[in-house]
Amino acid sequence: MRRQLNYFLGIALLIALVWGCAYTSNQEEVLAIKDYRKQAAPEDKLEGHSSGDVEIYRSIFMGEGYSVNFYSDYTGELISHNAFYGSEEDFDQAKYKWKNDTTVIIGLINSNTDTEISFEVFGKGNATGMSTDE
């Protein structure tokens, strides 16, 4: 009887762990946008990153805008993907949510004017793309 109870407790713990990981991975994350327009943008390095990491910062790349770096291991190997959203709007916050293993929904927010735009970035293998509603 005790062996069965331990077995069922182990199964319950495993289910709770899997559910907890799945639940937190679908949560929307909010972060402040750092401004790198007057200095060199951070280098895109795999060290220190893991699958699911997302970085968003203001930069200049063929004009003003927002750089998005996101990391996934869809292929079994950690890969970084980069996208750029051109805009002179002063967004100070960003939010993101992973839609699936290859796609991230990005929201840029101007907290002073309550302006918000959103777009999707996706990466698979060495290809990266972006989709907007504009």
Side-chain angles (χ1 to χ4, degrees):
M1 179 74 164
R2 179 175 248 167
R3 178 179 268 178
Q4 287 177 329
L5 182 60
N6 285 340
Y7 176 76
F8 286 117
L9 286 175
I11 295 290
L13 180 61
L14 180 63
I15 290 170
L17 180 64
V18 169
W19 181 80
C21 290
Y23 181 74
T24 57
S25 67
N26 289 330
Q27 295 298 307
E28 189 171 79
E29 300 288 333
V30 178
L31 48 99
I33 295 177
K34 296 179 183 173
D35 191 343
Y36 286 97
R37 290 178 292 171
K38 295 182 181 178
Q39 59 188 339
E43 290 184 31
D44 182 25
K45 294 182 178 180
L46 295 177
E47 298 84 33
H49 289 285
S50 59
S51 184
D53 287 352
V54 177
E55 301 173 313
I56 303 168
Y57 52 89
R58 195 160 187 185
S59 63
I60 296 179
F61 175 76
M62 298 173 60
E64 288 193 38
Y66 297 84
S67 294
V68 178
N69 296 342
F70 57 106
Y71 302 82
S72 68
D73 62 0
Y74 176 77
T75 61
E77 173 185 352
L78 186 63
I79 297 175
S80 68
H81 297 280
N82 308 322
F84 183 79
Y85 181 84
S87 175
E88 292 184 10
E89 176 83 31
D90 190 21
F91 298 108
D92 58 333
Q93 293 181 346
K95 60 183 181 179
Y96 69 91
K97 179 178 178 180
W98 282 88
K99 183 176 180 178
N100 56 42
D101 290 345
T102 62
T103 305
V104 186
I105 301 168
I106 305 291
L108 299 178
I109 304 161
N110 180 327
S111 60
N112 293 324
T113 63
D114 290 328
T115 303
E116 183 176 334
I117 59 98
S118 64
F119 54 92
E120 292 183 4
V121 292
F122 47 91
K124 194 170 187 180
N126 290 329
T128 303
M130 176 185 288
S131 173
T132 66
D133 290 334
E134 295 178 0

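What you see below is based on every heavy atom in this structure, not just the backbone, and it leaves out hydrogens, waters and symmetry mates.
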### Message
When you group the ILVMFWY residues by side-chain heavy-atom contacts below 4.5 Å and let the links chain together, are I106 and M130 in the same group?
### Response
yes
#### Entry: Within 6.0 Å of CD in E88, more than 12 heavy atoms from elsewhere
no
### Task
Identify the heavy atoms of H49 and E55 that sit nearest to each other, and give their distance.
CE1-OE2, 3.1 Å
### Query
If two hydrophobic side chains count as joined below 4.5 Å and joins carry through other members, does V68 share a cluster with I105?
no
### Query
For the residue pair S51 and L78, what are the closest heavy atoms and their distance?
N-CD1, 3.6 Å
### Message
According to side-chain hydrogen bond (donor to acceptor under 3.5 Å, both in side chains), who are the partners of T115, at least two apart in sequence or on a separate chain?
### Response
T113
### Query
How long is the gap from CG on L46 to CG on D73, to the nearest 0.5 Å?
11.0 Å
### Query
Do I56 and L108 have side chains that get closer than 4.5 Å, going by heavy atoms?
yes
### Message
Could you walk me through whether S67 and N82 satisfy the side-chain contact (heavy atoms from CB on, under 4.5 Å) test, starting with their C-alpha distance in whole Å, then the side-chain angles of each, then the deciding distance to 0.1 Å, before giving a yes or no?
### Response
CA-CA 7 Å; S67 294; N82 308 322; over 6 Å; no
### Task
Looking only at non-hydrogen atoms, find the nearest pair between F91 and N110 and report the distance.
CD2-N, 3.5 Å
### E89 side, atom CD; I109 side, atom CD1 - distance, nearest 0.5 Å
12.0 Å
#### Entry: Where F84 and G63 come nearest, the two heavy atoms and their spacing
CZ-O, 3.5 Å
### Minimum heavy-atom distance between A83 and V121, given as atom pair plus value
CB-CG1, 3.6 Å
### Query
Any sub-3.5 Å donor-acceptor pair from D92's side-chain atoms to S111's backbone N or O?
yes
#### Entry: Y57 atom OH: more than 12 heavy-atom contacts under 6.0 Å
yes
### Query
Which pair of heavy atoms, one from I33 and one from R58, lies closest together, and at what distance?
CG2-N, 3.6 Å
#### Entry: Parallel, tilted or perpendicular: rings of W98 and F70 (30°, 60°)
perpendicular
### Query
Rounded to the nearest 0.5 Å, how far apart are OG1 of T103 and NZ of K124?
9.0 Å
### Query
Which pairs, with at least one residue in residues 113-132 and sequence neighbours excluded, count as a ring-ring contact (aromatic ring centres under 6.0 Å, His included)?
Y85-F119
### L31 side chain reached by V54 side chain, heavy atoms, under 4.5 Å
no
### Query
Taking everything shown except N126 itself, do over 12 heavy atoms lie less than 6.0 Å from its CG?
no
